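This one's a predicted model, so the numbers in the text were calculated from it and none came from an experiment.
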Amino acid sequence: MPAKLKAAEKELANCKACPRDCGVDRLAGQLGMCGVGRKLLVSTVAPHFAEESPLQGWNGSGTVFFSMCNLRCVFCQNWDISQKRAGFELSGAELADWMMKLQDFGNCHNINFVTPEHVAPQLVEAIAAAVEKGLNIPIIYNTSAYDGLPSLALMDGLVDIYMPDFKFFTAESGQRYAKARDYAEVAKAAIKEMHRQVGDLVFSPDGLAKRGLLLRHLVGDLVFSPDGLAKRGLLLRHLVMPGLVDEGKAILDWVVMELGRDTYVHIMEQYSPRHLVGSGEQRSRQGWDSYEDINRPVSSDEVQQLRQYARSIGLWRFEEAPRYEAGEMAG
């Protein structure tokens, strides 16, 4: 741990925490693209009951929502914290105290870092302090997958569950919708490193995820106990977006080719136009863009196309409704 703490501090001095490679001195308070300096900027700390069922269980996932982001997704549902300095600043030691509250008073099943890509070095400090205080529940790294390999190296041995959301499969979509042309290639490299570190998702006897890689677009197999709870494996989520059925099919093809037809898949239909979609923005070369192509909910036909396509290429294991309500114990 001392070596990781030293490496984390060095990374902040010439910031390479994410693929933006800003090179600013965050130890001195300089700000790069993410807009976060030496301290963590936290929006919310609370039990959360809107994650995958093997994470939220019956007591909730202990989420820490970080403010700001290294992507600029035009449809972001959390734009008010991802694109604005909302919340409060915490040192690593102060965040560790909140993590202990989630464990000891919230009885949460895990600690769930949401959008941590730009604060990975500070998380080393927080995790080190929390472990000294007695933290003993799994740590989830819940990410857009636009992660720097040096930061993931810092996380090696500290994170129990990686949960990347593989958003786009083409450079054009990465640039248009997230202002990151290299998004897909970065995500592929990051996800491979995550999987190298933790392997496939493993479940406890009560069906809660304990360790492994849980990808929201790219995943492996799930194995179930006799009572239907997941014990081990990976889970794929794909948020269907309007007009991007072909890109969704490309993602599903990649899953089959790289991971196999036994991959457990969740094809989601809850996209909603948010942030700049509809209202628009001035883009330097393209002029005014209101993103009218994605300014609508997804249609039932688009969702069914992807679900049917998934079955046609041999995928057969799909996510069902969560099996626990808040405060409800299994059994």
Side-chain angles (χ1 to χ4, degrees), residues 8-9 11-12 15-20 22 24 26-27 29-48 50-51 55 60-73 76-103 106 108 110-130 135 137-148 150-152 154-155 158-165 167 178-180 186-187 190 194 214 216 274-275:
E9 189 172 70
E11 185 167 294
L12 286 173
C15 191
K16 307 291 183 184
C18 84
R20 299 294 186 181
C22 294
V24 299
R26 291 170 69 180
L27 295 177
Q30 294 179 3
L31 304 181
M33 184 169 184
C34 72
V36 177
R38 176 65 180 91
K39 288 190 173 183
L40 298 147
L41 187 60
V42 177
S43 170
T44 307
V45 180
H48 192 48
E51 294 288 14
L55 300 183
S61 180
T63 49
V64 179
F65 285 88
F66 295 107
S67 294
M68 309 303 289
C69 183
N70 61 356
L71 291 178
R72 295 293 183 266
C73 296
C76 183
Q77 65 178 358
N78 295 320
W79 64 271
D80 54 334
I81 63 173
S82 69
Q83 308 302 320
K84 295 183 177 181
R85 288 187 59 83
F88 47 98
E89 289 189 334
L90 294 177
S91 66
E94 289 169 333
L95 178 57
D97 290 336
W98 282 101
M99 293 162 67
M100 296 308 299
K101 290 177 182 178
L102 289 170
Q103 173 183 279
C108 295
N110 44 62
I111 301 297
N112 187 346
F113 293 134
V114 183
T115 317
E117 303 90 328
H118 56 302
V119 293
Q122 295 96 320
L123 291 187
V124 176
E125 300 169 334
I127 294 169
L135 186 76
I137 54 178
I139 292 174
I140 301 171
Y141 190 93
N142 184 343
T143 170
S144 70
Y146 197 59
D147 290 279
S151 288
L152 293 179
L154 291 176
M155 295 294 102
L158 304 182
V159 168
D160 297 286
I161 298 168
Y162 282 106
M163 190 163 61
D165 179 357
K167 297 177 181 295
K179 308 299 188 289
V186 166
M194 295 172 193
L214 194 161
R216 287 181 160 168
R274 302 285 181 88
H275 191 27

Check [X] against [Y] and note the closest heavy-atom contact, atom names and distance.
X    : Y    : result
C18  : N70  : CB-ND2, 3.2 Å
L12  : P121 : CG-CB, 3.7 Å
R274 : C76  : CB-O, 3.6 Å
A190 : L152 : O-CD1, 3.7 Å
V186 : P19  : CG1-CG, 3.5 Å
M155 : L123 : CE-CB, 4.2 Å

Side chains of residues 86-101: which donor-acceptor pairs under 3.5 Å do they make with residues two or more places apart or in other chains?
| unit_1 | atom_1 | unit_2 | atom_2 | d |
| --- | --- | --- | --- | --- |
| E89 | OE2 | R85 | NH2 | 3.3 |
| S91 | OG | E94 | N | 3.1 |
| S91 | OG | E94 | OE1 | 3.4 |
| E94 | OE1 | S91 | N | 2.8 |
| D97 | OD1 | K133 | NZ | 3.1 |

**OP:** Test Q103 against N110 for side chain to side chain contact (heavy atoms under 4.5 Å, CB included), laying out the working first.
**Re:** CA-CA 7 Å; Q103 173 183 279; N110 44 62; over 6 Å; no
Does the side chain of [X] reach to within under 4.5 Å of the side chain of [Y], using non-hydrogen atoms?
X    : Y    : answer
I111 : I137 : yes
S144 : D165 : no
V119 : R26  : yes
K167 : L71  : yes

Original post:
Step by step, would you call R72 with M33 a side chain to side chain contact (heavy atoms under 4.5 Å, CB included)?
Top reply: CA-CA 10 Å; R72 295 293 183 266; M33 184 169 184; 3.5 Å; yes
Original post:
Can you name the side chain to side chain contact (heavy atoms under 4.5 Å, CB included) partners of A145, sequence neighbours left out?
Top reply: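 Here the qualifying residues are P164, Y183, A187, I191.
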Subject >> Any residue meeting side chain to side chain contact (heavy atoms under 4.5 Å, CB included) with H275, in chain and number order, not counting sequence neighbours >> reply: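 Per chain and number, H275 pairs via side chain to side chain contact (heavy atoms under 4.5 Å, CB included) with W79, Q83.
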Original post:
Just by distance, do the side chain of T63 and the backbone of F65 share a donor-acceptor pair under 3.5 Å?
Top reply: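 Checked: no pair found.
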Subject >> Check: D160 side chain, I139 main-chain N or O, donor-acceptor pair, under 3.5 Å >> reply: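 Pair found, side chain donor or acceptor close to backbone of I139.
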**OP:** For K84, enumerate each residue passing the salt bridge (charged side-chain N to carboxylate O under 4.0 Å, His left out) test, keeping only those at least two apart in sequence or located in another chain.
**Re:** none
Subject >> Distance, nearest 0.5 Å, that separates NE2 of H118 from SG of C22 >> reply: 11.5 Å
Original post:
Applying salt bridge (Lys or Arg N to Asp or Glu O under 4.0 Å), which residue pairs with at least one partner in residues 114-123 are found, sequence neighbours left out?
Top reply: none
Give every donor-acceptor pair under 3.5 Å between a side-chain atom in residues 34-44 and any protein atom, sequence neighbours left out.
| unit_1 | atom_1 | unit_2 | atom_2 | d |
| --- | --- | --- | --- | --- |
| R38 | NH1 | E125 | OE1 | 3.3 |
| R38 | NH2 | E125 | OE2 | 2.8 |

Original post:
Mind checking whether F113 and F66 have parallel, tilted or perpendicular rings, split at 30° and 60°?
Top reply: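 Rings of F113 and F66: tilted, as their planes differ by 30° to 60°.
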Original post:
When you look at S61 and I140, which way does the side chain to side chain contact (heavy atoms under 4.5 Å, CB included) test go after all the steps?
Top reply: CA-CA 9 Å; S61 180; I140 301 171; 4.2 Å; yes
Original post:
Which is it for N112 and E51 under the side chain to side chain contact (heavy atoms under 4.5 Å, CB included) test, yes or no, and what are the steps along the way?
Top reply: CA-CA 10 Å; N112 187 346; E51 294 288 14; 3.2 Å; yes
